[in-house]
Structures are given as C-alpha cells and as structure tokens.
Amino acid sequence: MRLVNGKITPMKKYQTIVIGSGPGGYVAAIRLAQLGKSVAIVERFQDHVGGVCLNEGCIPTKALINSAKFFDSAKEAEISAVELKAGIPDMAKMVSAALNTSAQLRNGIKYLFKKNNIDLIVGNARIASKNSLIVTNNGKDDEFLADNFIIATGSRPKVLASLEADEKNVLTSDGVFKLKQTPKALLIIGGGAIGVEFGSLFNSFGSNVTIVELEEQLLPLEDKEIAIEMTKYLKKRGIEIFTKSQVLELQRKPNSRIAKIKTNNETIEKEFEYVLVCVGRSPNTENLGLEKIGLTLEKGFIKVNEKMQTSVDNIYAIGDCINSPMLAHVASVEGILAAEIIAGLKSEPIDYSSIPSVVYSQFEAASVGLTEELAREKGLDVVICKHFFKSCPKALLLHKDDGFVKIIADKKTFKIIGVHIAGIGASELIHEFVLAKANNLRLQDIAKTTHAHPSLSEIVVDAAKSVFDKPIHG
Ligand code: FAD
C-alpha cells in the first residue's frame, strides 16, 4: 500500500517490468508473456512503442530509402529502354509516408501487447530499489513492484558541443524527420552506416552531399575492400567524400553554416544549407537510479554477463544501453535471451560472431564475422576469395553488376570466418552465410544446394565454390 494524492492505493506488482519499448524491450516483454510471466512495459514517450528503431531509426530511414529508389529507377530506366519522369522530390510528403509506416507498425506492437496481456505504462521510469520502480507522468509519480527488471532504455544521438546541433540547420538523425524540404547542400559529419545511408538517399533526392569521416576509411567497422567499393560507388554518384578529415568549426549564418574542414592535406571552407551530425550514439543510462542500487556501468554502458544479467542479480539489461553492437536485431535477441533466462530456460549465450550487419544505402553492404584485417591480426590461417556480381546473370539483367562477395574461410575446414558483400541484394544474400556460420557449416554445404536461376542468390553458390573449387560463372 502507498499514499497517492492523499489516498491509500495498492501498488501493482508484476513478475517482470521492462523499461523501454524499443526492439529490445518490446520483444523481451512478448517473450516473457509467451513463457507465462506477468509483464508490464514502461515507455517514457506517448506513441513511441518500437523505440528509436521504429520511430526515428531503421524503419523510417528505410522507407525514405525506398522513396529514393524510385528517383534512381527513373534515372536508370533508360538503360532498360523505358522512359520515366522522376518529378520533384517532396520531402514533407515522403517523411509523412515514412512515418505512416512507423505508425502502422506501432499499432501492430500495441496489438501484440494486448494479445499477450502486457500492460503498457507511459511515463519516465527510474528504479527506486531492487524491486520497485517509480514512473513519472505529467508530474505524477506511481510506484510499481517486480521480481525482475529488464532495462532496455536504448540510446540517443551523440552530440558534439562544438557543433551545436539545433535541429534547424544542424541536425541529428532525429531532425531529418522534421525536414520540410530536401537540402540543396548537405554536409554529413560521420561516415558510418547511418551517415552513408543518409548521404546516399539525399543524393538520390538531388542534394549535393559531402561526407566527412575522421577515420582512414568510410564505414570504419567494415572490411577495407568493402569500404573502398562503397566509396567508389558513392563518388561515382557525385558524393564528395573526405576521409581522415575533421570538421573543425561551423560558422553560423542565418540559413546555413560555413564548415571549416581539415582534410588530409589542407583546410577548406564550404557553405552548406544543412549539416547532419552522425558521429555515433550515447546510451540512455542517466537518471535511472542505477548508481543508487549499486549497478555497475562501464563508459556509460550497463555491464552485463552472458545471460544479460547486471551486477544486481534480478536486473537485466539489453540493447543499445549495454556495450554490444548498436543494432535492432541485436537488441531483440538479447531481449529474448534475458526473458528466457528469467523464465528459467537454459538458453545458450548469444553468438555475437554470427550477427549480420547491413548498410542499406542504394548500393548495399552487408557482413558477418571477421574482416580480413581482424582475421590477419588474429593470425588465423585463412583463404580469401572474391566473387564479382558481374558473373551473376540476374545482377547483369538488372544492370546492377557492381560489387562482389568476399569470403574469408578457414584454410583447412572451409568454415566461414567472415563474409562481406558489397552490391545489389547484399542485405538479403548475407543471411545464407549467417545461417551457415551460426550452424558451423562448411562452404561445401552451401555450394551443394541448388539455387534458382536467374536469381541473385546464385552468386552465393559460386562465391562459396570459388573458395575450394572452380565456380561455373567466374
Ligand atoms: P531504443 O530503440 O533506443 O528504445 C529505447 C526506448 O526506451 C525508447 O523508446 C525510449 O523512449 C525508452 N526509454 C528510455 N529511457 C526511458 C525511461 N527512463 N523510462 C521509460 N522509457 C525509456 N539498427 C538496425 O539493426 N538496422 C538498421 O537499419 C538501423 N538503422 C538505424 C537508422 C538510424 C537513423 C538510427 C538512429 C538507428 C538505426 N539502427 C538500426 C539502430 C537501432 O535503431 C537501435 O540499435 C535499436 O533501436 C536499439 O533498440 P533498443 O531497444 O536497445 O533501444
């Protein structure tokens, strides 16, 4: 019992309360409910189930990329002897269409909550003690009790104080969804996956795009050859790219910014209508009461063991707020694992080496496992093969035959150490290699399966075969 507005109110108790309704939190909640647990999920924002992924991340960006593809198709149709007119991109309408897709998916998740008897509590949560949680909404506090908590509070765009992201002319990824027009000149600071995806889609909308990346290569986490291939493609489309470069200063003008960019060999000044800051994300771990209950943090991330358990044994953490790859599908598998451990199942730890990652630009890149650089650093005995899309009939008939599949395999067993794809369909093709890697299959196991003709997936067979034998095409 507790006193609320002068009245005695019973405190509601659940077996588990999940904090945050992103792809980590909502998936964990559903899994817990499936396993018979009573569950509530707390989300601080109204109409924000699905978290960053669904509302400002994966989904609306890919919907915009889909819009961008129509503009590309109009330009490319000529190669297939078709005349199409692209028209003028209407940013406000395209953003609205993208956000409609998000709304549709949000409703789907809310339906799943109802179906699984999961209570959705709106408000800002903070942990008061090992078993109690305070949720604040409109200045009113409510307390809830639980045997277990799962923290799935996600992350937010990292902002550099010197760049003053005001969401007017200097945007974070969140600000893109407030744009009413396509930028004429856009500077993207940070050439990771998010920066490259935005660069590629605004280029399709007709913006003059410049990307500045601090590291030696674009997509610093990807295999070097993939990064080179992506750079080549983006440059061919007219995107200006500076690597090993830094934006030193943004000089404010009424409707633009003048950027001082220190490149490899000189310092230049250039005016941009908009600047988009894509320099990474910070975990949401502040103001959650974590220090008070003695929960261990490392560099701002919540520390967990391989069961997703924090230093406080009944509290688990998953997704972007822990130090694992900041990807929606990673958050979801971590959510499932945490839920299953809480429910007493003996589920296996996550095999992070078999997690795919994808760059969804117009020209896609996808990977699983180690890069060549990391495999060599580890001194592994590897065989490396590249197989080109030019040898794939389907890629050729679609006039999208740039790029390759690169396989790094163990020299003796022909088991996958890493696969990196740059080219059409990479986001789908990678999963055949993920399946093989996660199940310890050999490349021969892939190569002996029959793939339909003509399909892009034929390249998977030929690429696998090229490692231990001769492919038919190539
Ligand atoms: P989040 O999705 O961040 O959700 C956390 C939720 O917790 C939020 O709704 C937040 O409001 C809520 N919350 C926070 N604090 C509290 C509190 N105290 N009380 C109550 N609620 C709280 N990943 C991919 O895998 N593929 C992609 O294509 C992809 N594209 C992306 C594109 C962009 C532009 C961005 C920004 C990200 C992208 N990501 C992508 C990353 C992906 O969005 C994140 O990895 C994923 O959303 C993390 O999920 P999560 O559940 O950990 O947290």
Side-chain angles (χ1 to χ4, degrees), residues 17-29 40-66 98 102 106 109 120-128 133-137 142 144 149-158 171-177 188 190 192-199 201 276-290 301-302 304 308 316-336 338 355-361 364-366 427:
I17 298 179
V18 181
I19 309 170
S21 70
Y26 90 77
V27 168
I41 185 161
V42 191
E43 171 53 53
R44 64 180 162 173
F45 298 134
Q46 195 73 42
D47 262 338
H48 202 257
V49 295
V52 167
C53 170
L54 207 154
N55 296 289
E56 298 95 14
C58 330
I59 299 299
T61 52
K62 275 59 195 186
L64 282 182
I65 286 171
N66 190 44
S102 298
R106 267 200 311 271
I109 296 174
L120 172 63
I121 302 165
V122 177
N124 198 69
R126 72 176 191 281
I127 297 175
L133 186 80
I134 306 289
V135 178
T136 309
N137 191 357
D142 271 312
F144 297 88
F149 292 116
I150 297 179
I151 305 171
T153 47
S155 65
R156 60 185 182 277
K158 199 179 268 176
L171 312 171
T172 65
S173 56
D174 293 353
V176 168
F177 300 99
I188 297 182
I194 294 178
V196 165
E197 287 182 11
F198 279 124
L201 78 89
L276 177 54
V277 184
C278 300
V279 292
R281 298 186 60 83
S282 306
N284 292 327
T285 50
E286 302 89 355
N287 309 317
L288 278 167
L290 303 185
F301 292 97
I302 299 171
V304 293
M308 303 290 124
Y316 294 71
I318 57 170
D320 281 12
C321 66
I322 67 168
N323 196 4
S324 59
M326 285 181 153
L327 293 168
H329 44 286
V330 173
S332 296
V333 289
E334 291 171 345
I336 290 171
I355 299 262
S357 79
V358 174
V359 184
Y360 294 88
S361 40
E364 292 184 337
S427 61

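In each ligand, atom 1 is the first atom listed, and ligand 1 is the first ligand listed. For this chain, numbers begin at 1 and follow the sequence in order.
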Please report which non-hydrogen protein atom sits nearest to [atom], along with the residue it belongs to and the distance in Å to one decimal place.
atom: atom 7 (O) of ligand 1; value: G20 CA, 3.2 Å
atom: atom 4 (O) of ligand 1; value: G22 CA, 3.5 Å
atom: atom 41 (C) of ligand 1; value: M326 O, 3.7 Å
atom: atom 19 (N) of ligand 1; value: A125 N, 2.9 Å
atom: atom 46 (C) of ligand 1; value: P23 CG, 3.8 Å
atom: atom 35 (C) of ligand 1; value: I194 CD1, 3.4 Å

What's the separation between atom CD1 in I194 and atom SG in C278, rounded to the nearest 0.5 Å?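 Between I194 CD1 and C278 SG, I get 6.5 Å after rounding to 0.5 Å.
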
Which atoms of ligand 1 sit under 4.0 Å from any heavy atom of [X]?
X: T61; answer: 32 (C), 34 (C)
X: L288; answer: 18 (N)
X: T153; answer: 5 (C), 7 (O), 14 (C), 15 (N), 16 (C)
X: G123; answer: 19 (N), 20 (C)

Counting only heavy atoms, tell me which of [options] gets closest to [atom].
atom: atom 42 (C) of ligand 1; options: P283, S155, C58; answer: C58
atom: atom 11 (O) of ligand 1; options: E56, H329, E43, E334; answer: E43
atom: atom 3 (O) of ligand 1; options: I127, I151, I322, V52; answer: V52
atom: atom 43 (O) of ligand 1; options: A152, C53, G25; answer: C53
atom: atom 32 (C) of ligand 1; options: S357, G57, G50, A331; answer: G57

Could you work out, with side-chain hydrogen bond (donor to acceptor under 3.5 Å, both in side chains) as the rule, every residue matching E334, not counting sequence neighbours?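 side-chain hydrogen bond (donor to acceptor under 3.5 Å, both in side chains) check on E334 returns S324, Y352.
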
Do N284 and R156 have side-chain atoms, one donor and one acceptor, less than 3.5 Å apart?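 Yes, side-chain donor-acceptor contact under 3.5 Å.
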
Quick one: does any side-chain atom of [X] pair with a main-chain N or O of [Y] as donor and acceptor, under 3.5 Å?
X: E364; Y: S427; answer: yes
X: S102; Y: L54; answer: yes
X: D320; Y: T153; answer: no
X: H329; Y: I355; answer: no

Could you tell me whether [X] approaches ligand 1 through its side chain, its backbone, both or neither, with non-hydrogen atoms closer than 4.0 Å?
X: S173; value: side chain
X: L54; value: neither
X: I19; value: side chain

Are [X] and ligand 1 in contact, using a heavy-atom cut-off of under 4.0 Å?
X: G335; result: no
X: E197; result: no
X: K62; result: yes

Could you say whether the N/O atoms of [X] and ligand 1 ever approach to under 3.5 Å?
X: A328; answer: yes
X: D320; answer: yes
X: R281; answer: no
X: R44; answer: yes
X: I318; answer: no
X: F198; answer: no

